[in-house]
Amino acid sequence: MELSNAGYFVTICTDGKKCFFGEVVQGKMQLSTIGEIAQKLWYEIPNHFSNCQIDSFCVMPNHIHGILIINQTQENLVAKEIVGKEDVGDLTGLMEGDAMNPEEEDAMNRVSTRGDRQRGGVTGLFNPMLSKNSLSKIVRWYKGRCTFEINQIYQGFGWQERFHDNIIRNEFARDKIRQYIINNPINWKCDREQPPHHPL
């Protein structure tokens with residue numbers, strides 16, 4: 001069955017794949033203080049982005065996996081309030097951001113969260129038709145907030161500049177990814193010397 005809202009399987013790795021977040025012991029993840037911060041802030045995402053829901057999620061020693069669901073209906077309602085128009089169908093492509101472009105959404109290692117590319121014409125990032133709640137902006141907030149809070153207790157933490165995202169097209173794919181996330185700690189030994197893999 002096709003999903004009515006956009007679901008994304010997101011993986012974010014630490015800089016150099018350093019194991020800041022804890023360790024796996026007998027198939028279970030034991031979070032460090034830094035890992036607890038990463039976990040806490042993920043669950044806070046819906047408090048800052050009203051159109052975003054979180055699904056399965058896990059913190060691993062050097063990366064996190066999570067499913068984010070972006071509510072397209074709510075996104076369009078926000079757009080109507082911003083631009084004062086009832087018909088926002090033509091704005092959807094502009095609002096979705098780089099990470100949600102259909103031609104790019106399945107690409108790995110392609111989405112940067114530096115936010116340094118100018119968009120939005122003469123108004124730049126202040127263009128009201130650019131969504132504040134796109135996937136790239138949600139991840140940028142999460143990474144930035146983690147870095148800020150973690151650096152209060154440990155200097156030297158960092159993320160890889162880019163993140164991995166795959167669109168979830170149907171319930172079968174979502175269930176498969178959920179199981180992959182749940183089993184990630186059990187399979188940690190197999191993945192330890194390799195980049196995190198996606199299940200599709």
Side-chain angles (χ1 to χ4, degrees), residues 1 3 5-49 52-70 99 105-111 113 135-136 138-200:
M1 181 181 295
L3 299 177
N5 293 316
Y8 295 90
F9 173 46
V10 176
T11 298
I12 315 175
C13 299
T14 60
D15 186 34
K17 293 202 173 72
K18 296 177 183 175
C19 295
F20 289 110
F21 297 144
E23 61 181 336
V24 175
V25 178
Q26 296 182 346
K28 294 184 179 181
M29 183 63 192
Q30 305 294 321
L31 294 174
S32 64
T33 301
I34 293 175
E36 290 174 351
I37 293 173
Q39 179 172 269
K40 177 196 75 167
L41 290 174
W42 185 267
Y43 289 121
E44 289 183 10
I45 287 175
N47 297 334
H48 298 273
F49 300 91
C52 184
Q53 296 175 306
I54 56 177
D55 200 292
S56 296
F57 168 71
C58 75
V59 178
M60 295 296 292
N62 61 4
H63 62 279
I64 66 99
H65 288 306
I67 295 175
L68 293 177
I69 310 296
I70 296 180
E105 61 202 355
D106 287 328
M108 301 295 283
N109 288 312
R110 192 175 293 181
V111 184
T113 50
L135 178 64
S136 59
I138 292 169
V139 174
R140 188 181 305 147
W141 174 87
Y142 173 74
K143 290 171 68 176
R145 190 66 202 175
C146 281
T147 301
F148 174 79
E149 291 201 16
I150 291 169
N151 281 332
Q152 305 302 304
I153 61 171
Y154 178 85
Q155 294 294 320
F157 172 80
W159 296 102
Q160 284 187 357
E161 178 183 318
R162 298 177 181 274
F163 68 93
H164 308 265
D165 76 295
N166 284 81
I167 193 167
I168 303 171
R169 300 189 181 279
N170 51 55
E171 290 185 6
F172 175 79
R174 183 177 60 189
D175 290 344
K176 191 173 181 180
I177 291 169
R178 282 174 174 164
Q179 198 59 48
Y180 173 81
I181 291 172
I182 291 169
N183 292 337
N184 221 234
I186 299 172
N187 296 325
W188 170 241
K189 279 189 176 181
C190 300
D191 289 346
R192 186 159 195 163
E193 300 302 330
Q194 304 175 30
H197 300 295
H198 62 87
L200 301 179

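Since the structure is predicted, the reported quantities are computational estimates derived from the model, not experimental observations.
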Legend entry - side-chain contact (heavy atoms from CB on, under 4.5 Å) evaluation trace for Thr33 with Ile150: CA-CA 9 Å; Thr33 301; Ile150 291 169; over 6 Å; no
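For Lys18, the salt bridge (Lys or Arg N to Asp or Glu O under 4.0 Å) criterion is met by no residue, not counting sequence neighbours. Considering only residues two or more places apart in sequence or on other chains, Glu149 meets the side chain to side chain donor-acceptor pair (under 3.5 Å) condition with Lys40, Arg145. In this structure Arg178 satisfies the salt bridge (Lys or Arg N to Asp or Glu O under 4.0 Å) test together with Asp55, Asp175, sequence neighbours excluded. Residues passing the side-chain contact (heavy atoms from CB on, under 4.5 Å) test with Gln179, sequence neighbours excluded: Ile182, Asn183.
Between the side chain of Tyr142 and the backbone N or O of Glu44 there is no donor-acceptor pair closer than 3.5 Å. Formation of a donor-acceptor pair under 3.5 Å by the Asn170 side chain with backbone atoms of Ala173 is found in this model.
Side-chain contact between Ile67 and Ile181 is present, with heavy atoms from C-beta onward closer than 4.5 Å. Contact of the Leu135 side chain with the Phe163 side chain is registered, since non-hydrogen atoms from C-beta on lie closer than 4.5 Å. Considering only heavy atoms from C-beta on, Tyr8 stays 4.5 Å or farther from Ile168 through its side chain. Under the 4.5 Å side-chain criterion, counting only non-hydrogen atoms from C-beta, Pro61 is in contact with Val24.
For the atom pair CD1 (Ile138) and CG (Leu68), the distance works out to 6.0 Å, reported to the nearest 0.5 Å. Between the SG atom in Cys58 and the NE2 atom in His65 there is a gap of 5.5 Å [rounded to 0.5 Å]. The distance from atom OG1 of Thr14 to atom CG of Asn62, rounded to the nearest 0.5 Å, is 5.0 Å. Taking CZ from Phe49 and CD1 from Ile70, the interatomic distance works out to 9.5 Å, rounded to the nearest 0.5 Å. Rounding to the nearest 0.5 angstrom, the gap separating the CH2 atom in Trp188 from the CD atom in Glu23 is 11.0 Å. Rounding to the nearest 0.5 Å gives a distance of 4.0 Å between CH2 of Trp141 and NE2 of His48.
Smallest separation of non-hydrogen atoms from Pro46 and Cys52: CB-O, 3.5 Å.
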Under 3.5 Å, which donor-acceptor pairs do the side chains of residues 151-159 form with other protein atoms, sequence neighbours left out?
residue	atom	partner	partner atom	Å
Asn151	ND2	Thr147	O	3.1
Gln152	NE2	Phe148	O	3.0
Gln155	NE2	Asn151	O	2.5
Trp159	NE1	Lys143	O	3.2

Under 3.5 Å, which donor-acceptor pairs do the side chains of residues 25-32 form with other protein atoms, sequence neighbours left out?
residue	atom	partner	partner atom	Å
Ser32	OG	Phe20	O	2.8
Ser32	OG	Phe21	O	3.3
Ser32	OG	Ile34	N	3.4
Ser32	OG	Gly35	N	3.1

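A ring-centre distance under 6.0 Å is not found for His164 and Phe9.
Counted by atom type alone, Thr11 and His63 present zero donor-acceptor pairs between their side chains at under 3.5 Å.
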